[in-house]
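These numbers come from the heavy atoms of this one structure, side chains and all, not from hydrogens, waters or symmetry mates.
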Amino acid sequence: MIEYRIEADTAGMRLDKLLRKRLPNVPVSHLFKMIRTKKVRVNGKRAQPEQLLAEGDVLTIRGDEQQLTADDRPKSDRPTPPPPPVDPSRLVILKEDDWLMAVDKPSGMAVHTGSGITGGTLVDYVRAYLGPKAVRNDFTASPAHRLDRETSGVILVAKRRPAMVHFTEVFTHGLSKKRYLTLVKGKMPKDSGVIDLPLSEHQQTAESKARRGVNMQEALTRWKVVKQSGDAALLSCSIETGRTHQIRRHLAAIGHPVAGDKKYGDFAFNRDVRARWGLKRLFLHAERIEFPHPEGGAKVAVEAPLAPELRDVLKRAALVP
């Protein structure tokens, strides 16, 4: 029999997810069968796959520990080796405590691995920096939200499971405030405004679209002119929803695409600002985030200075605030 006592950093985790982490070599179907046949119990009582574990709970698993934990898979089925090491000194840390890190992510660095991205991600740098401390009671330090690969600026990393649970609640219910700086095409019609425009779900599958049509999601972006020139404007933007590419899609929709945006932008404008002002990347920067701290809920604000290459662009464009 195997017995686990749930620690603070494991609290809030679903039972089935914990079992998959603790017994990675046991087929998922067999884990669910063990739950159904009462071989998995929490505090001596029958367990449910979706139940959330609390600190102090005792999880017992009936079975041969050696068999349940043995790795008899062929090498081809075992996890791939970790990506090449990265230099953690490149990581710019804006704030750090026992619960979280706030990092200034550079443009061009992906947050996670994905299509065509196998290493050099923010996750890799964070875990290289933390070393053995990256894993704590089966939770590995991870970003609590996302930034587009080409967007620079502040991003939060949860170092403990309760912090991740807290941030999930914060971002789900809009309890944080995010502010971005962006350079856009054209002269804005007024000093500030609101874009209240639903956006199609970015990762909706073709099957889902065929079955129920395009899923439109509520999205709201507030913008304010920081500095205006004849053919471009520096804006401060805040978002009240967190849709994929929201600021970029919203500003493009009202005819003021973000400078350097290869996906939603204006090709001729991008070519022009590159030649005139030397802009070689997306001009979108997560400047500030305000949120309640996981321990006690006190308000915390973290700011990331505008990247040097973007400051140089503003100087050449005579748009320095």
Side-chain angles (χ1 to χ4, degrees), residues 3-15 17-22 24 42-43 51-59 82-83 85-106 109-113 119-147 151-179 242 285-305:
E3 181 176 294
Y4 298 119
R5 182 172 294 275
I6 305 304
E7 305 291 342
D9 288 334
T10 314
M13 193 176 196
R14 282 175 53 125
L15 172 69
K17 188 174 181 180
L18 178 66
L19 289 175
R20 289 198 296 268
K21 287 182 70 71
R22 292 295 178 93
V42 177
N43 301 327
Q51 79 179 78
L52 301 180
L53 299 168
E55 183 178 0
D57 283 349
V58 177
L59 173 64
V86 295
D87 179 6
S89 66
R90 285 189 58 197
L91 201 63
V92 179
I93 300 170
L94 303 168
K95 176 181 174 59
E96 182 181 9
D97 58 30
D98 194 44
W99 292 78
L100 62 91
M101 294 170 61
V103 177
D104 188 357
K105 185 189 84 67
M109 179 186 288
V111 175
H112 298 277
T113 55
T121 65
L122 179 71
V123 169
D124 296 327
Y125 279 93
V126 164
R127 294 174 182 174
Y129 166 79
L130 291 173
K133 295 181 180 179
V135 181
R136 185 167 177 168
N137 289 336
D138 284 329
F139 176 78
T140 306
S142 301
H145 56 112
R146 289 177 177 267
L147 282 180
T151 301
S152 57
V154 61
I155 185 168
L156 300 180
V157 174
K159 295 171 66 175
R160 304 172 60 181
R161 186 177 306 284
M164 182 62 84
V165 172
H166 170 80
F167 284 132
T168 300
E169 183 81 6
V170 165
F171 293 122
T172 299
H173 296 287
L175 303 177
S176 66
K177 295 180 181 179
K178 299 177 183 177
R179 188 174 74 210
H285 179 73
E287 180 187 34
R288 175 186 169 94
I289 186 168
E290 184 178 317
F291 57 94
H293 194 277
E295 184 182 35
K299 291 292 183 184
V300 179
V302 182
E303 295 189 5

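- Contact of the His166 side chain with the Glu169 side chain is not registered, since no non-hydrogen atoms from C-beta on lie closer than 4.5 Å.
- Note: Arg14 CZ to Leu53 CG = 10.5 Å, rounded to the nearest 0.5 Å.
- For the atom pair CG of Leu15 and CG of Leu52, the computed distance is 10.0 Å after rounding to the nearest 0.5 Å.
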Side chain to side chain contact (heavy atoms under 4.5 Å, CB included) assessment of Val157 paired with Leu100: CA-CA 6 Å; Val157 174; Leu100 62 91; over 6 Å; no

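- For the atom pair OH (Tyr125) and CG (Leu91), the distance works out to 9.0 Å, reported to the nearest 0.5 Å.
- Remark: Asp87 CG to Arg90 CZ distance equals 7.5 Å, nearest 0.5 Å.
- By the 4.5 Å heavy-atom criterion applied to side chains, Lys21 and Phe139 are not counted as neighbours.
- Around the CZ atom of Arg146, the shell of radius 6.0 Å holds no more than 12 heavy atoms that belong to other residues, nucleotides or ligands.
- Residues Pro143 and Leu122 are in side-chain contact: their nearest non-hydrogen atoms beyond the backbone lie under 4.5 Å apart.
- Between Phe171 and His145, the ring planes lie tilted relative to each other; the angle falls in the 30° to 60° range.
- With rounding to the nearest 0.5 Å, the separation of CD1 in Ile155 from CE in Met109 is 10.5 Å.
- Summarising the geometry of Gly297 relative to Pro292, their closest heavy-atom pair is O-CB, 3.6 Å, with the distance given to 0.1 Å.
- The residues Glu290 and Lys178 are annotated as not salt-bridged, no charged nitrogen and carboxylate oxygen being separated by less than 4.0 angstrom.
- When side chains are defined from C-beta on, Pro162 counts as touching Trp99, because their heavy atoms get closer than 4.5 Å.
- With hydrogens and angles disregarded, a donor-acceptor distance shorter than 3.5 Å links the side chain of Arg127 to the backbone of Ala141.
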Intermediate values then yes/no, side chain to side chain contact (heavy atoms under 4.5 Å, CB included), Leu59 and Asn43: CA-CA 6 Å; Leu59 173 64; Asn43 301 327; over 6 Å; no

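- Ionic pairing of Asp98 and Arg160 is present here: one or more N-O contacts between side-chain nitrogen and carboxylate oxygen are shorter than 4.0 angstrom.
- Between the side chain of Lys159 and the backbone N or O of Asp97 there is at least one donor-acceptor pair closer than 3.5 Å.
- Of all non-hydrogen atoms in Ala11 and Val165, the two that sit nearest each other are O-CG2, 4.5 Å.
- The nearest pair of heavy atoms linking Ala304 to Val154 is CB-N, 3.8 Å.
- Looking at heavy atoms from C-beta onward, Val42 lies in side-chain contact with Gln51 at the 4.5 angstrom threshold.
- Using a 3.5 Å distance cut-off with no hydrogens or angles, the side chains of Thr121 and His112 do not pair a donor with an acceptor.
- Salt bridge status for Glu3 with Arg5: absent, with no side-chain N to carboxylate O gap under 4.0 Å.
- When atom types are taken as modelled, the side chain of Thr168 and the backbone of Met164 share a donor-acceptor pair closer than 3.5 angstrom.
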Audit row: Val111, Lys105, side chain to side chain contact (heavy atoms under 4.5 Å, CB included) steps and yes/no: CA-CA 8 Å; Val111 175; Lys105 185 189 84 67; 3.9 Å; yes

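- Rounding to the nearest 0.5 Å places CG of Asp104 at 11.0 Å from CD of Glu287.
- Side-chain contact between Tyr4 and Val58 is absent, with no heavy atoms from C-beta onward closer than 4.5 Å.
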Candidate pair Arg288 and Lys177, rule side chain to side chain contact (heavy atoms under 4.5 Å, CB included), full reasoning: CA-CA 8 Å; Arg288 175 186 169 94; Lys177 295 180 181 179; over 6 Å; no

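- In this structure a side-chain-to-backbone donor-acceptor pair under 3.5 Å is present from His293 to Glu295.
- The two residues Ala128 and Pro88 come nearest to each other via the heavy atoms C-CB, 4.0 Å.
- Residues Met101 and Leu156 fail the side-chain proximity criterion, which asks for heavy atoms closer than 4.5 Å.
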